[in-house]
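A note on names: the letters A, B, ... follow the listed sequences, proteins ahead of strands, and every chain is numbered from 1. Small disclaimer: the values here were computed from a predicted structure and weren't measured.
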Amino acid sequence: MLQVQDLRVAYGNIQALHGISLSVAEGEIVTLIGANGAGKSTTLRAISGLVRPRAGKIVFQGQDITRTPAHKIVAMGVGHVPEGRKIFTEMTVQENLELGAYIADPKRFHEDLNAVFERFPRLRERRRQSASTLSGGEQQMLALGRALMLRPKLLLLDEPSMGLSPRLVQEIFEIIVELNRSGTTILLVEQNAAMALSIAHRAYVLETGRVVLDGPAQDLQNHPAVKAAYLGGGQSANG
Amino acid sequence: MRKEMLLPAAAVALLYLVLALLRQAGVIGIYWGQIVDLALITTIQAVGLSLIYGFAGQFSLGHAAFYGLGAYVAAFITRTQGGTPLTFALALLAGAAVAGIVALIIGLPILRLRSDYLGIATLGFGIIVKVMLDNADKLSPVLGGARGMAGIPRLTTFHWVFWLAVLTILIARNLVNSSHGRSCIAVREDEVAADIMGIDTTQFKTLAFVMGCAMAGLAGGLYAHLYSFLHPSSFDFLKSFDVLLVVVLGGLGSLTGTVVTSIGWVFLLEGLRDVLGQQFLDWRWVVYALILIAVMIARPQGLMGGKELSLDMLLRRRAARGGADHGAA
């Protein structure tokens, strides 16, 4: 479904990605794990067109989208839940969801809105509330719900667990698995490597802009290097 | 929908009649009449910047330059083609169009970028326009250059100004309330988020910028034919700050805030002229700065702060005060 070949991205003089290649097949959950600054978010931003790569190629469903503007990539079915959620805090919950459906077929709006409210009942309760009054977990749900309004084929999730309590992390990850079961392909970026590996089919380990390891998530969970660096032999490396 | 429009439409018509009659009867003299006209012209200009900065979040420091462009283009046309109502209408249109087209040319490359590049570019543009106007007599002696452009037919009347201000506000209101307006607000709030909603952010930033600058151009044309004299110093880049202040004071993202503040601002400056007397005229700028500071301390979000004032709201508030104890909060 998605192929990324030798992707290179630089911010000014600082090269963030030194040639990343990865692929996501339809129906998969693929996760990118790695430390801060490894290039995980940049990879997602390049895929959804928010940053222009210096070199490399991104192909989505057989179409080259390397130079396609962000708003057109969304229209092709790539949803992006960005780091820090980026919800519209001055708008109400419902207005956020309406904007999520901005380029969707208006005839499907009520059906999609109801589907989001079914999945996140909390959002229905707070639909008239300003999004700024939501808790961190609710904001994450809103960001997810907003992306779902477009029925994305591929969903890019950037650190959905960030700043959430362990119980909420659990909840969000259950939702991700559910979304995947109902047919959404997922590319997940996480610092919480243990959680990410537990739900993913395959994983890539990024280090300073390069893929250093990849394989089935289960194998990586038991890989000594991954264990030492990201899963924390003891408690030390837990984020 | 139609029914809801009836009351505001009646209120606007009534306002027009009252003001027109007061002027006819001489209660509002020539001097204050001109101040009313200037207040409405400032409103047109400020509503333009309100679209650009208040709604689309694009920081522009060159609004006075677009105002000046519109003024000189319109004045040039009536000076050379004669001052009939028809040429006046065409001149106003041309002033707005030129301002809009120049905005498009500037905006297209710059608005593709995020962040505040537009502020820097428009600041530079404002200075370029001032220098060009100073030397415009070399282009055509009619334009007058640094000595100013005189002899512009005095065609701006209250009727023109009032209805064009109403038209501008209506256009802005319809834009803001449309899905285009929503997109602009989304761009202002978070451009990255707007991008991933599938909103073509460049397109909407450009739309707001071009429309806003065209409104400034229109206001400029009216201004030129109100005082019949134009001078490049009236379109100095510092003048851009005046409009910016009006928009910020009124509250970003509030059209009614912009309208109320632009009218209030013009009257405040003129009122201070009376209160302070001729010797202390320059103290106006001190008083005005103090008011600015006071408002920013008391209401950092601006007078209206993203809310809109409506007749409906005022009536409901009165009804709530009179009757039920659960207010219409």
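There is no contact between Arg112(B) and chain A, counting heavy-atom distances below 4.5 Å. With a 4.5 Å cut-off on non-hydrogen atoms, Met149(A) does not touch chain B at all. For Arg85(A), no part lies near chain B; criterion is any non-hydrogen pair under 4.5 Å.
For the 3.5 Å distance criterion, the side chains of Gln3(A) and Ser23(A) fail to qualify, holding no donor opposite an acceptor.
In terms of heavy atoms, Ala101(A) sits closest to Phe109(A) at CB-CD1, 3.8 Å.
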Val187(B) vs Phe55(B), side-chain contact (heavy atoms from CB on, under 4.5 Å): CA-CA, chis, key distance, verdict: CA-CA 9 Å; Val187(B) 171; Phe55(B) 286 94; over 6 Å; no
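Checked against the 6.0 Å centroid criterion, the rings of Phe66(B) and Phe125(B) qualify as a close aromatic pair.
Highest contact tally toward chain A, considering only Asp200(B), Ile185(B), Asp195(B), is held by Asp200(B) [criterion: heavy-atom pairs under 4.5 Å].
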